[in-house]
Amino acid sequence: MSDITDTIEPEELSSESENGEKFLVFSILGKSYAFPSRLIGEIALYDMVYPLPLMPPYVLGVVNRYSVPYALFDIGILFHNKQSPRSKVLIFKDEVDHIAFLIDDVSGIADINPDELFIMERSAGSGDLTDAVAASFNWNGNDVFILDVHSILSRVSGETV
């Protein structure tokens with residue numbers, strides 16, 4: 001995989017700013033999502049994926065980044081039952097877990113004040129996207145949903161055990 005992180009400066013990804021927290025905004029199946037930038041390790045082009053046997057269809061396999069394996073998830077399949085375009089891979093920092101998500105593209109970095117966040121009420125185990133959305137905000141005229149990576153991992157671990 002080739003790095004494309006040169007389009008985003010490292011200081012842009014620092015997690016806090018004078019006003020609030022920075023979020024990496026990206027698209028999946030044409031919808032806008034975000035993760036706190038402090039969780040993101042790198043963004044890479046989609047390349048070689050090594051399949052894993054006996055995994056749910058949204059676990060595409062493993063991507064190798066600098067001799068470290070990362071499990072690659074397709075959120076499009078996980079929450080919308082529709083395959084995401086094979087474009088870019090969002091790789092989390094090792095402190096989160098050795099995971100990566102397939103994304104369409106990066107939209108930018110949003111600097112959001114806490115009072116601009118709309119905190120979402122979560123349903124109890126519905127199994128849809130609302131379980132994984134922690135909050136939302138409006139950015140550049142679009143609603144952006146902040147995904148909770150730990151909720152996603154809980155769902156995945158519950159289905160693969």
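Throughout, residue positions are numbered sequentially from 1 according to the sequence presented. Model, not experiment: these values are computed from the prediction.
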**Student:** Does a side-chain heavy-atom distance below 4.5 Å link Lys88 with Leu45?
**Tutor:**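 Yes - at least one pair of side-chain heavy atoms lies under 4.5 Å apart.
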
**Student:** With side chain to side chain contact (heavy atoms under 4.5 Å, CB included) as the criterion, how do Leu24 and Ile109 come out once you've worked through the C-alpha distance, each side chain's angles and the decisive distance to 0.1 Å?
**Tutor:** CA-CA 5 Å; Leu24 178 72; Ile109 305 289; 3.6 Å; yes

**Student:** May I ask you to decide whether Asp74 forms a salt bridge with Arg86, counting only side-chain N to carboxylate O separations under 4.0 Å?
**Tutor:**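 Result for this pair is yes, salt bridge flagged.
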
**Student:** Ignoring hydrogens and geometry, is there a side-chain-to-backbone donor-acceptor pair from Asn142 to Val144 under 3.5 Å?
**Tutor:**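 No, the answer is negative, given that no donor and acceptor are paired below the 3.5 Å cut-off.
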
**Student:** Working to the nearest 0.5 angstrom, can you tell me the gap between Phe23 CZ and Arg38 CZ?
**Tutor:**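 With rounding to 0.5 Å, CZ (Phe23) is 7.5 Å from CZ (Arg38).
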
**Student:** Report the distance from atom CD1 of Ile103 to atom CD1 of Ile75, rounding to the nearest 0.5 Å.
**Tutor:** 10.0 Å

**Student:** Working note: Asn140 + Val25, criterion side chain to side chain contact (heavy atoms under 4.5 Å, CB included); need CA distance, chi angles, decisive distance, verdict.
**Tutor:** CA-CA 11 Å; Asn140 292 342; Val25 181; over 6 Å; no

**Student:** Would Ile40 and Leu90 satisfy side chain to side chain contact (heavy atoms under 4.5 Å, CB included), going step by step from the backbone distance to the final call?
**Tutor:** CA-CA 7 Å; Ile40 309 303; Leu90 186 120; 3.6 Å; yes

**Student:** How far apart are the C-alpha atoms of Phe79 and Lys31, what are their side-chain angles, what is the distance that settles it, and do they pass the side chain to side chain contact (heavy atoms under 4.5 Å, CB included) test?
**Tutor:** CA-CA 12 Å; Phe79 292 116; Lys31 297 188 184 335; over 6 Å; no

**Student:** Evaluate the ring planes of Phe145 and Tyr33, with Trp represented by its six-membered ring, and classify them as parallel (under 30°), tilted (30 to 60°) or perpendicular (over 60°).
**Tutor:** tilted

**Student:** Any side-chain heavy atom of Asn138 sitting closer than 4.5 Å to one from Asp143?
**Tutor:** yes

**Student:** Quick one: side-chain hydrogen bond (donor to acceptor under 3.5 Å, both in side chains) partners of Asp104, sequence neighbours excluded?
**Tutor:**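 None.
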
**Student:** Where is the tightest heavy-atom contact between Asp111 and Gly20, given as atom of each residue plus distance?
**Tutor:** OD1-N, 4.0 Å

**Student:** Which heavy atom of Ser151 sits nearest a heavy atom of Ala132, and at what distance?
**Tutor:** CB-CA, 4.1 Å

**Student:** When rounded to the nearest 0.5 angstrom, what distance separates CG in Leu78 from CG in Leu102?
**Tutor:** 12.0 Å

**Student:** Compare all side-chain heavy atoms of Val63 with those of Asp47 and state whether any distance is below 4.5 angstrom.
**Tutor:** no

**Student:** Only one of Leu117, Val133, Ile112, Ile119 forms a side-chain contact (heavy atoms from CB on, under 4.5 Å) with Ile146, so which one is it?
**Tutor:**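 One option only clears the test, and that one is Leu117.
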
**Student:** Write down the atom of Arg65, the atom of Ile91, and the distance for their closest heavy-atom approach.
**Tutor:** CG-CD1, 3.2 Å

**Student:** Kindly write out the residues that satisfy ring-ring contact (aromatic ring centres under 6.0 Å, His included) with Phe101, not counting sequence neighbours, or none if the list is empty.
**Tutor:** Phe35, Phe73, Phe92

**Student:** Going by atom types alone, do Tyr70 and Asp94 pair a side-chain donor with an acceptor below 3.5 Å?
**Tutor:** yes

**Student:** How long is the span from the CG atom in Leu147 to the CD1 atom in Ile152, to the nearest 0.5 Å?
**Tutor:**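 Here the rounded value is 4.5 Å.
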
**Student:** What pair of heavy atoms forms the shortest contact from Gly76 to Leu29, and how long is it?
**Tutor:** CA-CD1, 3.6 Å

**Student:** Who pairs with Glu116 by side-chain hydrogen bond (donor to acceptor under 3.5 Å, both in side chains), at least two apart in sequence or on another chain?
**Tutor:** Asn113

**Student:** Please report the closest heavy-atom contact between Ile28 and Phe26, naming both atoms and the distance.
**Tutor:**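 Closest approach of Ile28 to Phe26, heavy atoms only: CD1-CE1, 3.6 Å.
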
**Student:** Please examine the side chains of Trp139 and Ser107, heavy atoms only from C-beta on, and report whether any two atoms are closer than 4.5 Å.
**Tutor:**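 The answer is yes; the side chains approach within 4.5 Å.
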
**Student:** How many angstroms lie between atom OG of Ser87 and atom CD1 of Ile43, to the nearest 0.5 angstrom?
**Tutor:** 11.5 Å

